[in-house]
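First the proteins, then the strands, lettered A, B, ... as listed; each starts at 1. Small disclaimer: the values here were computed from a predicted structure and weren't measured.
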Protein chains: 2
Amino acid sequence: MTTPTPRKTRGTGRPTLEEVARRAGVSTITASRALRGLSSVGAEYVDRVREAARELNYVANSAARALARAQSDTVAVLVPSLTNNVFTDAIEAIHTVLRPHGIEILIGNSHYSRDAEEDLVRHYLASPPMGMMVTGFDRTEAARRLIDASGVPCVYMMELAKAENVYCVGFSQHEAGDAVAKHLIARGCHHNAFIAAQLDQRMLQRGEGFRRALQRAGMHEPDLEILTPAPSSIGLGCELFRQIMTRRPDVDGIFLGNDDLAQGALFEARRMNIRVPEDVAIVGFNDLAGAADCVPRLTTVRTPRAEMGRTAAHLLLSIMRQESVPTPMIDLGFELVVRESA
Amino acid sequence: MTTPTPRKTRGTGRPTLEEVARRAGVSTITASRALRGLSSVGAEYVDRVREAARELNYVANSAARALARAQSDTVAVLVPSLTNNVFTDAIEAIHTVLRPHGIEILIGNSHYSRDAEEDLVRHYLASPPMGMMVTGFDRTEAARRLIDASGVPCVYMMELAKAENVYCVGFSQHEAGDAVAKHLIARGCHHNAFIAAQLDQRMLQRGEGFRRALQRAGMHEPDLEILTPAPSSIGLGCELFRQIMTRRPDVDGIFLGNDDLAQGALFEARRMNIRVPEDVAIVGFNDLAGAADCVPRLTTVRTPRAEMGRTAAHLLLSIMRQESVPTPMIDLGFELVVRESA
DNA sequence: CTGAAAGCGCTTACAG
DNA sequence: CTGAAAGCGCTTACAG
């Protein structure tokens, strides 16, 4: 004898918490608490509820939960680019840490635009995520205020803050630039150029570190800097390398603000029959895929992208749980990887 | 005389639809309809409601909406990698199309694992998105069934389906491999190798196209194929190039299944003092950044990543709106870009 | 074209 | 430790 299943007119048709509770012989709220692992539920109930949920293939309706709690199991991650593996590496690591906690990651790509980032902040804060992670500190005043006023826990990635009261995970871009300059100087390069594109704050900070070190050594030549807001690319690296070497053939050391630019320089050097590192030493930044394999193998600065993502995610987790964190600022450092090009 | 604002104990504290309605002097449901642009609302009301919403800075609570409609304004996009720009390019385009429609994109990265993808399918389908986009057709039977049974509109990207009843946007990987073989043959290459890694279906399909063309020309040599499931990378390209040239120095044409592998081959060729294309012609796949700038400039197959993303997103939009679509299968083609390496 | 009622599926807040 | 009630903020379904 079969009872006809009543046709539901609304809803998803999926099993609900109420059905789980009924099957387990407890109240809905007890089922809710049992499934959430709240300690105030008797052990015998917990098992019964879990069992019932399993049998029914129960999955909590996240919309209902979000509505009831006035918050969703979501973390918004704002990056300036998805093309640049610097950020996808970090995102991967964030996923790895947060997914097991049932947290969904919303990726916002600002395309290196402050205004676009402000829109994203506004958008995500409209349905407050339980936390957010943003890239660096360069944003509109409005975006800054929105984040602060939202009360949503926020971790800043990729840079170190000046202030004490912000949670950040990164490394000193300035020191990294400094290290590159010192390496070039120690190598005996006398005319050191700096080539940068995109001109986001991190790029500028490493440029500043590089410049300062040259100045301290009395070797800074302002006209040996090429800074363009155009997006970084291998092609642009080719172009700018040719430009500087044509204008100043005596340049014997170049720091290109990232590996794309540096790879382009390597290619163009070959086309121009300029030997690397004999005629000119070349240093990149980030140690992306390929840097270790090109000809000559690229000397560059390895940045801890995955580790930043992982650490930032763990930090955010702690803050969201209101745990006390040892230090709000985590410096993960960097490493100058000396290979063949410089 | 000021009335003290009642402190809300629950909820987000954000303005609700009810407040908007009250301010506009209509019922909540009329406000709801007005804001959603349902034609059954008098024009005068629409303006009043919109005005009130603007004044209150009203943003609909997406959780409440999702709960009431038993569906969220969300599209899940499943890709095998975020490191490979093939997929980030597509994702970018999808974002561009879907964002203006208020649709949030959930990115699932399967890391080229069928099991991981099945988990993702299960996860996303647990809170059904309004639509989903997946990569190719190679998945577990369970994942396939879950998608079909869910009733969630789904568009398949990157490949063309055999069946008629699936919505897909891509190009023929098989034909692309065929085109590469023909080019190498026309160039006069007699011993043509195929080097592939990762071994996802698309890679294998272009390999098959390549192989068939060689067979038709009576030029296929089985031992000139290196297929490894290891992840593609420039470094691996170096390694495999050295391997094949050491084993068979008479090879004079190589199709590497993607640009990473090909770039590695170019580097290693230089290290081995093998001239490209004089000694061996090299063809890559995808035309990623750098292909046009390396030395020698890489001959490769340009694939329509952004266009696939854009087109797939528009197609999904149509399906979700239940509009009739002219054709479920959209072939965007590819283009052999002949540069210097072959 | 407009609205009062009910419901979506959870969790909070209050009792016991 | 457990539960009945109320509420989160929308939309669906039914009337008029």
* **From D/dG7, D/dT2, C/dC8, nucleotide with atom closest to A/Tyr45 side chain** => D/dT2
* Find the distance B/Leu67:CG to D/dC8:C1' and express it as a whole number of Å. => 9 Å
* **Rounded distance (Å) that lies between atom C1' of C/dC8 and atom CD of A/Glu18** => 12 Å
* Asked: Which residue, B/Arg99, B/Glu92, B/His95, forms the side chain to side chain donor-acceptor pair (under 3.5 Å) with A/Asn109?
  -> B/Glu92
* Listed partners of A/Glu164 passing side chain to side chain contact (heavy atoms under 4.5 Å, CB included), at least two apart -> none
* Mind calculating the distance between CG (B/Leu17) and P (D/dC8) to the nearest angstrom? => 14 Å
* Tell me: CG of B/Asn61 to C1' of D/dC10, nearest whole Å? -> 7 Å
* For A/Ser32 and B/Ser27, take the nucleotide of DNA chain C holding the closest heavy atom to each; which residue's nucleotide lies nearer the 5' end? -> B/Ser27
* Asked: Between the side chains of A/Ser110 and A/Ser113, is a donor N or O closer than 3.5 angstrom to an acceptor N or O?
  -> no
* To do: Would you classify B/Thr30 as touching base, sugar-phosphate or nothing, given that sugar-phosphate means primed atoms plus P, OP1 and OP2, and contacts are heavy atoms under 4.0 Å?
  => sugar-phosphate
* So, is A/Arg69 near the phosphate of C/dT11, with a side-chain N or O under 4.0 Å from OP1 or OP2? -> no
* Whole-Å gap separating P (D/dT11) and CD (B/Gln71) -> 13 Å
* What pattern of brackets, bars and dots sums up DNA chain C from 5' to 3', given Watson-Crick or G-U wobble pairs under 3.5 Å, [ ] for crossing pairs and | for another strand? -> |||.||||||||.|||
* Asked: For the pair made of CZ in A/Arg48 and P in D/dC1, what is the distance, rounded to whole Å?
  -> 16 Å
* To do: Kindly determine whether B/Cys154 and B/Tyr167 satisfy side-chain contact (heavy atoms from CB on, under 4.5 Å), including the steps that lead there.
  => CA-CA 7 Å; B/Cys154 182; B/Tyr167 299 99; over 6 Å; no
* C/dC1 P sits how many Å from B/Arg33 CZ, rounded? -> 11 Å
* **Within-4.5 Å side-chain heavy-atom neighbours: B/Leu82 and B/Val79** => yes
* Residue whose closest nucleotide on DNA chain C lies nearer the 5' end, A/Tyr58 versus B/Gly42 -> B/Gly42
* Within 6.0 Å of CD in B/Glu18, more than 12 heavy atoms from elsewhere -> no
* Have B/Arg36 and B/Ser32 got a donor and an acceptor in their side chains that come within less than 3.5 Å? -> yes
* Asked: Please give, in whole Å, the distance from C/dC8 P to A/Arg14 CZ?
  -> 14 Å
* So which one's nearest nucleotide on DNA chain D is more toward 5', B/Ala63 or B/Ile29? -> B/Ala63
* Which of the following nucleotides, D/dT2, D/dC10, C/dT12, is nearest to the side chain of B/Thr16? -> D/dC10
